[in-house]
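Chain naming here is simple, since letters A, B, ... match the order of the sequence lines and numbering starts at 1 in each. Basis for what follows: all heavy atoms, side chains included, without hydrogens, waters or symmetry-related copies.
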Amino acid sequence: MPELPEVEVTRRGIAPHVEGRVITGLVVRNHALRWPVDPTLPKVLKGLRIARTQRRAKYLLLDCGRGWLIIHLGMSGSLSVLNRGAPPRLHDHIDLELDSGELLRLHDPRRFGAFLWTQALPAEHELIAHLGPEPFDAQVTGTWLRAQLKGRKAPVKNLLMDTRLIVGVGNIYASEALFHARVRPGRAGGRVTLAECHRLIAAIQATLAKAIEAGGSTLRDFVGADGSSGYFQQTHFVYDRAGAPCRVCGHAIKLARFSQRSTYYCSYCQQ
DNA sequence: CTTTGCACCTGTTGGC
DNA sequence: TGCCAACAGGTGCAAA
């Protein structure tokens, strides 16, 4: 589920419920996430106050004063805010209990997600330290992207999804952004022109912003919601539309695979 | 260093 | 209806 917009919408959804709250307990029903959940975490977290929430790439960050919780939703994770005592369902792996009487619940069938604790700053954490810039950073421009892609032979689609280059562009938005920029996904990175780089950055920013806005508008009360309400229902231009007519020119959308990931494009609009 | 393929895991879908 | 293979929105890691 989670591409960057959903993670950001989730952050905004949980923020009013967790910021300023004191952690009264942590229940871990299944430790076997992508990395084992630290068995000492319930003891470590009890009594700490969550000062604020942040997001870096697709990592949710909870500032607990003495350290930070780093939460990743993987492919199938979601967070919800529930009242204490709500019965856990299958794949509800972790409850973070709060002094408000609510709890933050992690649900993740595939268990590719992560629930980590660090006493350093998140920016210094091994998983975060080597990440590229956020799509909305001031340094992220067409000129910057052109410099990053120079000399690279890998498909530009793969490079856009490389988190060391830039974060937040998942499999859906890579296809969508390349369509809007009118660039074929299989083109070697080094062969993307400056004008196309400008269009790519504009497309990435516009697509992400629109999705966050759409998700945010469905976010009245996050309690009980699973954090995936609405935003992903927005219509895509190419993603998951193989064989369907291009919304711009009418030609059939094509499906290809790059590094075993489904990739959609219009062979007429994108060169 | 860059690029590629695999791995983790469960649930859903489509073809036979 | 049942069975099985292929696939699913992420990303760290090993190997080439």
With sequence neighbours left out, what residues match [X] under side chain to side chain contact (heavy atoms under 4.5 Å, CB included)?
| X | result |
| --- | --- |
| A/T118 | A/W68, A/I70, A/A120, A/H125 |
| A/T53 | A/R11, A/A15, A/V18, A/E19, A/L62 |
| A/D92 | A/R29, A/P88, A/R89, A/R105, A/H107 |

Handout entry: Test salt bridge (Lys or Arg N to Asp or Glu O under 4.0 Å) applied to A/R191 - qualifying residues, sequence neighbours left out
Key =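 Per chain and number, A/R191 pairs via salt bridge (Lys or Arg N to Asp or Glu O under 4.0 Å) with no residue.
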
Exercise for the section: Give a yes or no on this: more than 12 heavy atoms of other residues, nucleotides or ligands lie within 6.0 Å of atom CZ of A/R164. Expected result: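 No, because the 6.0 Å sphere around CZ of A/R164 holds 12 heavy atoms or fewer from other groups.
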
Test side chain to side chain donor-acceptor pair (under 3.5 Å) applied to [X] - qualifying residues, sequence neighbours left out:
| X | value |
| --- | --- |
| A/R184 | none |
| A/D99 | A/R21 |
| A/Q270 | none |
| A/T193 | A/E196 |

Problem - Consecutive-pair stems (at least three Watson-Crick or G-U pairs, under 3.5 Å) that include DNA chain C - result: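 Output for stems: B:2-8 with C:10-16, B:10-16 with C:2-8.
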
Exercise for the section: Identify whether any heavy atom of A/R261 sits under 4.0 Å from a base atom; if not, whether one sits that close to sugar-phosphate; answer base, sugar-phosphate or nothing. Expected result: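 A/R261: base contact, heavy atoms under 4.0 Å.
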
Pairs: protein N or O with nucleotides 2-4 of chain B N or O, under 3.5 Å:
| unit_1 | atom_1 | unit_2 | atom_2 | d |
| --- | --- | --- | --- | --- |
| B/dT3 | OP1 | A/K153 | N | 2.5 |
| B/dT3 | OP1 | A/A154 | N | 3.1 |
| B/dT3 | OP2 | A/R152 | NE | 2.4 |
| B/dT3 | OP2 | A/R152 | NH2 | 2.6 |

Restricting both atoms to N or O, compile the protein contacts to nucleotides 12-16 of chain C shorter than 3.5 Å, with distance only.
| unit_1 | atom_1 | unit_2 | atom_2 | d |
| --- | --- | --- | --- | --- |
| C/dG12 | OP1 | A/Y59 | OH | 2.8 |
| C/dG12 | O4' | A/R34 | NH2 | 2.9 |

Handout entry: Under 4.0 Å protein heavy-atom contacts per nucleotide of nucleotides 9-16 of chain B, with B for base, S for backbone only and - for none
Key = BBS-----

